[in-house]
Colleague: 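Have a look at this one.
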Amino acid sequence: MLEIKFVIQNLLIVQKALSDRGKTADLEVLSQCDARRKTVLLELEDLRCKRNTVSDQIAIMKKAEDNASSLHLEQLVAEMRDVSLRVKSLEKSFAEVEEKLQGIILEIPNIPHITVPVGKDSADNPVYKTSGIPRVFDFAPLPHWTIGEQLRILDFERATRITGARFPLYFGAGARLERSLINFMLDMHTTLHGYTEVLPPFIVNRKSMTHTGQLPKFEAELFKLEGWDYFLIPTAEVPVTNIHSDEILDETILPICYTAHTPCFRSEAGSYGKDTRGLIRQHQFNKVELVKFTTPESSYDELEILLKNAEAVLKALQIPYRVITLCTGDMGFSSAKTFDIEVWMPAQGVYREISSCSNFEDFQARRANIRFKRRGRKGTELVHTLNGSGLAVGRTVAAILENCQQADGSVVIPEALRPYMGGVTSITL
RNA sequence: GGAGGGAUGGCUGAGUGGUUUAAAGCGGCGGUCUUGAAAACCGCUGAGUGUAAAAGCUCCGUAGGUUCGAAUCCUACUCCCUCCGCCA
C-alpha cells in the first residue's frame, strides 16, 4: 500500500507508475475522498474537543454540588446531548469515507523502482546475467514428464484420479529427489547464507493475505476454505512475512532472514491451456522461500544478496540459468523491483522461471504495520520486506530430469545432491 | 464438545463511571560520579494524527450500545490460558 498523503501530493508520479504498469486507478475519486475526509475530520475533532472540555466542567460542577449552578448544569448537559449526537453522525460519515479511501488505496500497485525498465510484457524483460552453458545433446532430449513417466517416478494420470488436473504424484526415487532438494536448499540457506529456518502455517486468514498484497485484488487466484475466512497459502511469503505484523522491531536485529519450505497452492485462474503437461504449472507444489526484513537504506543491497543466495542452488546443481529483470508491465502487484531466475529446459529449448526475487520496499510493511526503531532516535519507520524463491522445488526436479538425462533414459543425480539421495548416483528404471 | 479465567504502552502490571492528561517496575536514552566500566543517584522515555512549532484529536483485543462523560457498565465476536472429554 502506498501512503495516501504521498499519492495526493504526487499524483503525477503515481499516474506514471500506473501507466508504466499498464494499469489504471481512480485517482480523481481518491483525492475527492481525501479532501472530504479532511473536512469531516476537522469538524469532528472540533466537536470532540468541545465535548471533552465541557464534560470535565460538568464533573467539576457536580463535585462542587453548587445548587445555584444546577440550572446551568442542566443546560450544559442538554447541549452536550446534542453535541454527542452530531459527533456520532460525523463519526459515521468519517468511517464511510475512510472505508472508500482504503478500498481504492489497497488496489493501487507499488511504484516501480527507478532502475526498473519500462515495458509492456515479458517480451520486454532484459537479461541481467547468464550462468552456465547449455549441454549439447547427441540425442533428442525428452521433456521431463516423459522421462518421469518412463522411470515410473511421476504419475500425472493417477494424480488426476485422486484430485483432478494439475496435481503431482511422485514415486520412489522421484519422491526422494523432491525431498532431497528441499533438505539440500534449506541446509544451504541456513548454514551457508545465514537464514533462520521457519515452519509456518499453510493456511492463513484474510488479514495476512491483505498484508502481503494477495487480497483484496486477487482472490480468484487463491484456494479458500469453505466455511472459514481462511485460505491455503500460494507461497510461504504470506505466513512468513506476517510473522512480524504489528510489531516494532529493534534496528539492531535487522536484517532478519528467514527460509521456509512449504507446499504452495494456486488456483492458476486464467491459465487454462498453459503448460498443461508436467511439473511446471500445478495447483500444489513445494517451494523453499527466502524472506528478509531490512532497513530502507540496505534493501537493494539485500535484494542482490537474496538473488545470489537463490542462484547458489542452481550453481551447486550445475544447471544453466539466466537472470532477467522484470519490466514495469510484467512485475507483480506489490513489488518495486523483481529479478526472475530462469532455468534452462533443453527439451523445449527455453529458459523457464524457477525463482522470483523481489523488493517490496515499504509496500507490504505499511499494510502489515511492520516497523522498526532506530537507537537513540524518536519515532518509528517502516521496514522494507523482500522475498524470493530459493527455489521452486517441482520445477527444479523438472530441470534436473531434463538437463541430466542420458541416452539410455536414466538421469544422473547432480553430485551435490548425492549425499541427500543416500549415495544414489543416477535414477534408472 | 463442556466448565471457568483472561486480553491495558517495547515487556511485566495497577486501574469497576468524572479535577487520572493510564500508577508503578523493567528495559531504553541522557546526565552526575569514575582513568574506563559497573553499581548508585538524577532526569527523559508509548504509538499515530496534526502543526512552522504548539494546541487539539484518536488508540486500553475487535465491533456495536448505554451516558453530558467509558480502560471501567451492557451486547456480540475474535484470540489466549486452565480443567474435563475426544484425538495424531
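All figures in this text were calculated on a predicted structure; none of them were measured in a lab.
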Colleague: RNA chain B: A:R81 or A:T380, which has the more 5' nearest nucleotide?
Modeller: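 By nearest-heavy-atom nucleotide position, the 5'-most residue is A:T380.
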
Colleague: Can you check whether A:E96's main-chain N or O pairs, donor with acceptor, with A:E99's side chain at less than 3.5 Å?
Modeller: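 Checking the backbone N and O of A:E96 against the side chain of A:E99, no donor-acceptor pair under 3.5 Å is found.
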
Colleague: Say you pick atom P in B:rG48 and the same atom in B:rA39; how far apart are they, in whole Å?
Modeller: 30 Å

Colleague: Give a yes/no answer on whether the side chain of A:K38 brings an N or O atom under 4.0 Å of OP1 or OP2 in B:rG50.
Modeller: no

Colleague: Rounded to whole Å, how long is the line connecting atom CG of A:D250 with atom P of B:rA47?
Modeller: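 The distance from CG of A:D250 to P of B:rA47 comes to 13 Å, rounded to the nearest Å.
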
Colleague: Tell me whether A:T385 contacts the main-chain N or O of A:F293 through its side chain, where contact means a donor paired with an acceptor under 3.5 Å.
Modeller: no

Colleague: On a whole-Å scale, what distance lies between the C1' atoms belonging to B:rA22 and B:rG17?
Modeller: 15 Å

Colleague: For A:F360, give me all partners under ring pair (Phe, Tyr, Trp, His ring centres under 6.0 Å), at least two apart in sequence or on another chain.
Modeller: none

Colleague: How many whole angstroms separate atom CD1 of A:I248 from atom P of B:rU45?
Modeller: 17 Å

Colleague: Under a 4.0 Å N-O cut-off, is there an ion pair linking A:K120 with A:D124?
Modeller: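 A salt bridge is absent here (no side-chain N lies under 4.0 Å from a carboxylate O).
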
Colleague: Counting just side-chain N and O atoms, does A:S84 come under 4.0 Å of either OP1 or OP2 of B:rG69?
Modeller: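 Yes, such a contact exists.
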
Colleague: Can any side-chain N or O of A:T190 pair as donor or acceptor with the backbone N or O of A:E197 at less than 3.5 Å?
Modeller: no

Colleague: Atom CG of A:N205 and atom C1' of B:rC77: how far apart are they, to the nearest Å?
Modeller: 15 Å

Colleague: Considering only atom C1', compute the distance from B:rC60 to B:rA23 and round it to an integer number of Å.
Modeller: 14 Å

Colleague: Just the atom pairs and distances: protein N or O near nucleotides 57-62 of chain B's N or O, under 3.5 Å.
Modeller:
unit_1 : atom_1 : unit_2 : atom_2 : d
B:rC57 : OP1    : A:N52  : ND2    : 2.9
B:rC57 : O3'    : A:R48  : NE     : 3.4
B:rC57 : O2'    : A:R48  : NH2    : 3.4

Colleague: What residues, two or more places apart in sequence or in another chain, satisfy ring pair (Phe, Tyr, Trp, His ring centres under 6.0 Å) together with A:Y300?
Modeller: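 Scan of A:Y300 (ring pair (Phe, Tyr, Trp, His ring centres under 6.0 Å), adjacent residues dropped) gives A:H113.
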
Colleague: Mind listing the side-chain donor-acceptor pairs of residues 152-175 of chain A below 3.5 Å, one per line with the distance, residues two or more places apart or on another chain?
Modeller:
unit_1 : atom_1 : unit_2 : atom_2 : d
A:D155 : OD1    : A:E157 : N      : 3.3
A:D155 : OD1    : A:R158 : N      : 3.0
A:D155 : OD2    : A:R158 : NH1    : 2.6
A:T160 : OG1    : A:F156 : O      : 2.9
A:R166 : NH1    : A:K274 : O      : 3.3
A:R166 : NH1    : A:D275 : O      : 3.4
A:R166 : NH1    : A:R281 : O      : 3.3
A:R166 : NH2    : A:S271 : O      : 3.2
A:R166 : NH2    : A:K274 : O      : 3.4
A:Y170 : OH     : A:E178 : OE1    : 2.6

Colleague: So if I take every side-chain heavy atom of A:S55 and compare against B:rA47, B:rC79, B:rG69, which nucleotide ends up nearest?
Modeller: B:rG69

Colleague: Starting at CD1 of A:I60 and ending at C1' of B:rG69, how long is that distance when rounded to a whole Å?
Modeller: 13 Å

Colleague: Test your reading of the model: is there a side-chain donor-acceptor pair from A:S267 to the backbone of A:A220, 3.5 Å cut-off?
Modeller: yes

Colleague: Ignoring backbone atoms, establish whether A:R371 has a side-chain N or O less than 4.0 Å from OP1 or OP2 of B:rG48.
Modeller: yes

Colleague: Using the P atom as the reference point in each nucleotide, state the distance between B:rC84 and B:rG25 in Å, no decimals.
Modeller: 40 Å

Colleague: Pick the C1' atom in B:rG85 and in B:rU12, then give their distance to the nearest Å.
Modeller: 35 Å

Colleague: Taking any heavy-atom pair under 4.0 Å as a contact, classify A:I58: base, sugar-phosphate, or nothing.
Modeller: base

Colleague: Could you state the atom-to-atom distance from CG of A:L47 to P of B:rG69 in whole Å?
Modeller: 13 Å

Colleague: Can you tell me, in whole Å, how much space there is between the P of B:rC74 and that of B:rG50?
Modeller: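 Here B:rC74 and B:rG50 have their P atoms 36 Å from each other.
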
Colleague: Provide the distance between the two C1' atoms, one in B:rC11 and one in B:rG64, to the nearest whole Å.
Modeller: 32 Å

Colleague: Please measure how far the C1' atom in B:rC42 lies from the corresponding atom in B:rC77, and state the result in whole Å.
Modeller: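 Straight-line distance between the two C1' atoms is 48 Å.
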
Colleague: Taking atom P of B:rC29 as reference, at what distance in whole Å does atom NZ of A:K373 sit?
Modeller: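 About 10 Å, once rounded to whole Å.
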
Colleague: Calculate the interatomic distance between A:M80 atom CE and B:rA70 atom C1'; express it in whole Å.
Modeller: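 Atom CE in A:M80 sits about 17 Å away from atom C1' in B:rA70.
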
Colleague: CG of A:D246 versus C1' of B:rU8: gap in Å, rounded?
Modeller: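 To the nearest whole Å, that distance equals 16 Å.
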
Colleague: Once pairs are restricted to Watson-Crick or G-U wobble with both distances under 3.5 Å, how does RNA chain B read as a dot-bracket string, [ ] for crossings and | for other-strand pairs?
Modeller: ((((((((.[[[..)..(.....]]]((((((.......))))))((((......)))).[[[[[..)....]]]]])))))))....

Colleague: Does anything in residues 77-87 of chain A form a salt bridge (charged side-chain N to carboxylate O under 4.0 Å, His left out)? List the pairs, not counting sequence neighbours.
Modeller: A:K50-A:E79

Colleague: Quick one: do A:R374 and A:E381 make a salt bridge, cutoff under 4.0 Å?
Modeller: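 Judged by the 4.0 Å cut-off on N to carboxylate O distance, A:R374 and A:E381 do form a salt bridge.
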
Colleague: Is the centre of the A:F333 ring less than 6.0 Å from the centre of the A:F363 ring?
Modeller: yes

Colleague: If you find the nucleotide of RNA chain B closest to A:E3 and the one closest to A:K88, which residue's nucleotide is nearer the 5' end?
Modeller: A:E3

